[in-house]
Each structure stands twice: as structure tokens, then as C-alpha cells.
Amino acid sequence: MADNPPTLERSVTDIVPVPVQAKADPKANFTLTANSVIRAEHQARGVADYLAQLLRPATGYKLPVVERHDKGRPGITLQLGDADRRLGEEGYQLTVKKDGVTLWANTPKGLFSAVQSLRQLFPSAINKTTVQKQDWVVSGGTVFDHPRFGWRGAMLDVARHFFKPDQVKRYIDQIAQYKINTLHLHLTDDQGWRIEIKSWPKLAEIGGKTAVGGDPGGYYTQEQYKDIVNYAASRHITVVPEVDMPGHTNAAQASYGELNCDGKPVPPRTDIEVGYSSLCIPKPITYKFVEDVIRELAAITPGPYLNIGGDEAHSTTPADYKTFYDKVSPMLSRYDKKIMGWHNIAVTNPPTSAVPQYWDPATSNADVVAAAKRGNKILMSPANKAYLDMKYNPQTPIGLHWAGYVEVKDAYAWDPATYLQGLSENQIAGVEAPLWTETVRTSADIEYLAFPRLAGAAEIGWSPASTHNWDNYRARLAKQGPIWTALGMNFYRSPQVDWK
Ligand code: IFG
């Protein structure tokens with residue numbers, strides 16, 4: 001082997017999100033060969049199989065998953081348990097040496113994080129789906145890494161436009177690359193109801209028919225929803241389903257006349273106006289509807305949270321808004337779920353286990369600070385930083401711009417712990433990047449708006465605040481481009497980045 005090893009595309013110091021500690025050792029590169037194995041004990045088998053599925057297509061290697069004690073052949077070892085306590089649940093240690101690679105974590109989730117970092121140390125061609133005749137040299141070095149915030153989320157609005165299960169799974173695989181661990185699915189809105197509720201069948205049958213602009217509708221049967229949830233879980237991503245209320249409810253109220261105060265169904269809406277709808281707060285049937293929906297959704301959602309919306313209830317009086325949540329909030333604990341909602345629910349004094357999601361661009365909000373003082377952890381999604389449906393610039397063909405134009409640097413150069421005055425780091429649950437889909441119709445549209453900015457949100461959620469540095473980030477981001485190209489992702493080539 002030549003003394004000066006080949007300069008590889010990325011080293012351990014190029015990983016996105018940037019690790020807590022990373023030390024490159026160019027003399028310790030590892031070469032994966034047809035003879036290599038993946039070594040894992042029983043509980044790490046799921047992650048080992050996932051890793052094998054990632055590496056087999058482009059290499060054409062068998063890469064058998066063998067028991068950990070099988071020391072014979074070189075390869076990648078997944079070591080589970082008794083790792084450094086500072087790594088916590090999601091952290092990992094990664095060591096790449098000439099004679100092999102070792103991933104070490106306290107949990108399978110931590111090993112999964114390690115796999116995402118390891119992928120980036122391979123040549124980008126590893127992401128291709130057909131056999132590439134080339135060497136598979138992995139950059140040498142060591143990584144010690146663990147996340148800053150526990151909640152690192154992406155939201156996909158499947159209500160304005162419907163996305164088939166396979167499209168959602170594609171997005172799940174894309175966000176998993178950056179250690180995102182939560183997928184918030186915005187399942188219902190004025191223009192569409194996307195989840196089968198067996199006790200109220202017309203919600204999906206009628207409410208699922210429409211979409212913005214008269215585009216094709218659709219909905220997930222409960223089986224399809226469970227399949228998406230299981231797929232996300234296999235990528236160590238927890239699904240949080242949202243049923244937006246008491247506003248953003250036109251699709252439900254077009255499906256059932258009894259949900260309207262006058263008993264008549266409202267006309268379906270496919271425009272993109274917001275704030276005109278409200279459930280009928282005084283009617284008892286409203287609360288039977290809400291409880292039936294919560295009950296059925298809780299039964300098919302293993303994750304701890306259900307999102308009960310709360311945003312833009314401009315057609316619900318403040319008094320009615322409070323009445324609504326006084327009745328609805330207690331329902332969730334009856335079904336062993338915790339509340340997630342838009343930060344507007346802060347005024348309803350939700351249980352301290354509730355997570356209000358801050359979405360306003362303003363840098364102060366007394367209701368949210370008051371909720372944090374009561375013990376609520378705040379999820380940060382300020383629209384002028386984290387909304388992936390904001391145009392990059394006036395020429396961006398899709399997206400909105402009510403919160404301003406959000407270029408790649410705008411989406412990176414902020415800190416969830418200091419954005420809102422009066423909040424401290426331990427009052428922040430984490431960060432989430434919502435993608436609203438009024439103007440988003442295809443997977444290519446999703447990818448164009450989500451990448452690169454989602455990688456920035458992921459780094460903000462994972463990496464130490466001390467590492468935040470635009471010049472360093474933009475150089476690492478440039479090296480992610482060839483990975484996205486190999487994956488066939490339609491990412492936006494921002495002029496702010498010198499793409500490789
Ligand atoms: N605000 C609405 C969304 C969507 C969004 C588009 C929230 C919480 C504007 N509510 O953001 O339904 O229309 O950017």
C-alpha cells in the first residue's frame with residue numbers, strides 16, 4: 001500500500017452533524033473487501049442487518065452478519081453495552097483502523113447513530129444501488145459523539161398534499177442520515193384528512209378526497225400508517241401524528257355535518273387560506289369526535305406523543321379555545337399519551353409533560369416563557385429559521401415566504417437555546433424542521449426544500465453549541481453533495497456553498 005494513502009472524500013472531521021470529538025488518522029484507513037464481515041451480538045442484529053443492506057448494493061459483497069466472537073475475518077464490529085456513560089442513549093464511539101471498524105454504544109439506537117456517521121466515511125458511491133467496481137476505503141480515525149438535544153425532528157405536512165407511504169419512507173431514510181429521531185406527520189387540515197378513523201369512516205373517505213389546488217387526495221389506512229410507523233422505528237425514528245384542532249378542521253367538517261354548529265357539512269376547500277375553520281365548541285358531539293380520534297390514533301401510535309394542533313384558531317374565541325382544551329387535554333393521558341401542540345396551546349395551561357412547539361419568528365413570547373417556567377419543554381421551530389417551506393430566495397420556484405426568505409446560512413446560524421428571550425437550554429426539548437406542502441407536490445419538491453436546510457437543523461439539534469461555525473459547516477456541507485447526488489436526491493445547490 002502506498003505510504004501516502006489516497007485523499008478520501010470525507011474524514012471523521014467532515015461528519016454532519018459535527019461530532020463532539022473526532023480525530024482523523026489517515027494512516028488508519030480501513031478497506032472493506034469481499035471477505036469482510038459485519039460482526040454483531042444478538043441485540044445489535046437489527047442495526048447490523050440495516051448496515052449490511054446499506055453496503056451490499058454498491059459493493060456487491062456478501063458482507064455476512066456473524067456472531068461477535070467470530071474473530072476470524074476483518075470487518076465491522078457492532079459492540080453493544082457498557083460504553084462510556086457520557087454517550088447516553090443515542091451516543092456512540094466509532095473507531096476506524098487498518099484492521100477493522102468498531103462501533104460501540106450503550107443501545108441499538110446509539111449504534112444506529114454510529115452507522116450514520118460511518119456511512120459518511122465511505123466513498124459517496126457507496127450510496128448507489130448498483131455494483132460499482134472500485135476500492136471501498138473508509139477514512140481512518142476515532143469519533144466520540146452524543147447529542148445536545150433529545151428531540152431532533154422533521155415535520156411533513158401530508159394534508160395539503162398527500163404523499164404515498166413509499167414517499168414518506170423515502171423521506172424517513174433521508175432524514176435518518178442526519179440522526180433526526182422524530183417524524184411529526186401533519187395528518188389533518190382544512191384541505192385533507194389523511195388517516196382512517198374506523199368510528200368516523202367519512203373522515204378519510206370524504207376528507208381524504210381533496211388536496212390543495214384540486215390535486216389528487218388520498219389517505220393512509222390504519223394498516224398503512226402502522227407500516228410507516230414500523231418503518232420509521234426501524235430507523236430509530238419515532239412518529240408523532242398530528243390532528244390539528246380546533247382550527248384547520250374544514251376537511252373533517254366537510255365530511256360530517258354534525259361537526260358544524262348548524263349541522264350541515266361545509267364545502268370542501270382546496271385553497272391555501274388559513275384560520276377560517278373551527279370545530280363547534282359548544283356541541284357535545286365535538287368531544288366524542290375528538291376522543292374517538294385520539295383513542296384510535298393512540299392505539300396505532302407506539303410513540304409517547306400525540307400532537308393536537310392548536311395553531312391559527314382565528315375562528316375560535318379565546319374563551320372557547322380554553323374550553324376546548326380544558327375538555328381535550330385530559331383525554332390524552334387516558335390513552336397513555338403526552339401532548340404535543342403548536343405553542344398557542346401554552347395559554348391553556350397544559351400538563352407540564354406537554355411539548356409546545358414554538359413556530360413564530362418573534363424572539364419573545366410571554367405565554368411560552370410562562371409555560372417553560374411551569375415546566376414545559378419547548379420545541380423550537382421558528383418559521384424564519386426552521387420552516388423548510390420558506391423559499392430560499394425570490395427565485396425559488398416553490399415554497400412560501402410569509403416568514404421571509406430562508407437561505408442555507410439563515411437555517412444554520414441560530415441557536416434553539418438562545419432564540420427566545422427568557423428561555424434557558426434545559427427548557428428546550430430540541431429543534432424540529434416543518435415542511436408545509438401547500439406548494440409541494442412531489443418527492444423531488446420535498447428534497448429541493450428540505451436539503452440542504454434539514455442537515456443544518458439536524459446539526460443544530462445534535463452538535464455542541466461550541467461547534468457552531470458557518471465557515472466550518474459550509475465546507476462540510478459541500479462534501480455531503482456527492483452523497484445526495486449518489487442517492488438521487490434533488491437538493492438545492494445553494495450559491496452559499498462550494499459544492500464538491
Ligand atoms: N402557518 C400554518 C401552517 C402552514 C404554514 C405555511 C403553522 C403552525 C403557515 N400553521 O405554521 O398550516 O400553512 O408556512
Side-chain angles (χ1 to χ4, degrees), residues 153-163 184-194 207 210-213 215 240-253 269-279 305-316 321 325 339-348 350 354-362 365 367-368 371 378-392 396-406 410-411 419-420 431-441 445-446 448-450 453-454 457:
M155 185 209 85
L156 183 61
D157 167 10
V158 295
R160 275 44 183 275
H161 277 97
F162 178 66
F163 293 92
H184 166 182
L185 281 178
H186 184 79
L187 291 167
T188 70
D189 213 299
D190 290 319
Q191 302 87 345
W193 182 284
R194 303 296 180 212
T210 45
V212 165
D215 289 328
V240 179
E242 177 184 353
V243 173
D244 206 347
M245 47 191 170
H248 285 274
T249 50
N250 196 79
Q253 292 174 290
R269 292 281 294 262
T270 58
D271 59 287
I272 64 169
E273 200 187 320
V274 298
Y276 57 82
S277 53
S278 172
L279 289 174
Y305 291 94
L306 295 189
N307 186 311
I308 51 177
D311 65 310
E312 297 179 324
H314 303 323
S315 301
T316 313
Y321 188 84
Y325 279 101
I339 293 170
M340 180 188 174
W342 300 104
H343 72 259
N344 315 79
I345 65 166
V347 298
T348 69
V355 175
Q357 179 169 8
Y358 186 70
W359 61 282
D360 193 311
N365 185 300
D367 296 328
V368 171
I378 310 302
L379 181 64
M380 292 302 290
S381 300
N384 58 329
K385 301 292 182 187
Y387 270 30
L388 301 174
D389 62 311
M390 290 302 115
K391 289 174 180 287
Y392 292 100
T396 305
I398 55 176
L400 304 173
H401 64 281
W402 64 270
Y405 296 108
V406 182
D410 302 315
Y419 187 85
L420 256 182
V431 65
E432 184 173 287
L435 177 54
W436 298 102
T437 60
E438 283 91 339
T439 65
V440 178
R441 291 172 176 78
D445 289 351
I446 290 176
Y448 185 78
L449 291 173
R453 290 177 295 190
L454 187 91

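No experiment lies behind these values; they were computed from the predicted model shown. We use all heavy atoms of the structure for the numbers below, so side chains are in, but hydrogens, waters and symmetry mates are not. We count ligands from 1, going down the list as the structure has it; atoms in each ligand are counted the same way.
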Kindly indicate whether the side chain of W436, heavy atoms from C-beta on, has any atom under 4.5 Å from the side chain of H186. yes
Do we see a donor-acceptor contact under 3.5 Å between the side chains of T316 and S278? yes
Minimum side-chain heavy-atom gap M380-L420 below 4.5 Å: yes
Mind checking what makes side-chain hydrogen bond (donor to acceptor under 3.5 Å, both in side chains) contact with N384, not counting sequence neighbours? Y419
Do H248 and D311 get their side chains close enough for a donor-acceptor pair, meaning under 3.5 Å? yes
For ligand 1, would you mind listing the residues that have at least one heavy atom less than 4.0 Å away, ordered by chain and number? R160, H248, V274, D311, E312, W342, W359, Y387, D389, M390, L400, W402, W436, E438
Closest non-hydrogen atom pair, L388 against L454: CD1-CD1, 3.8 Å
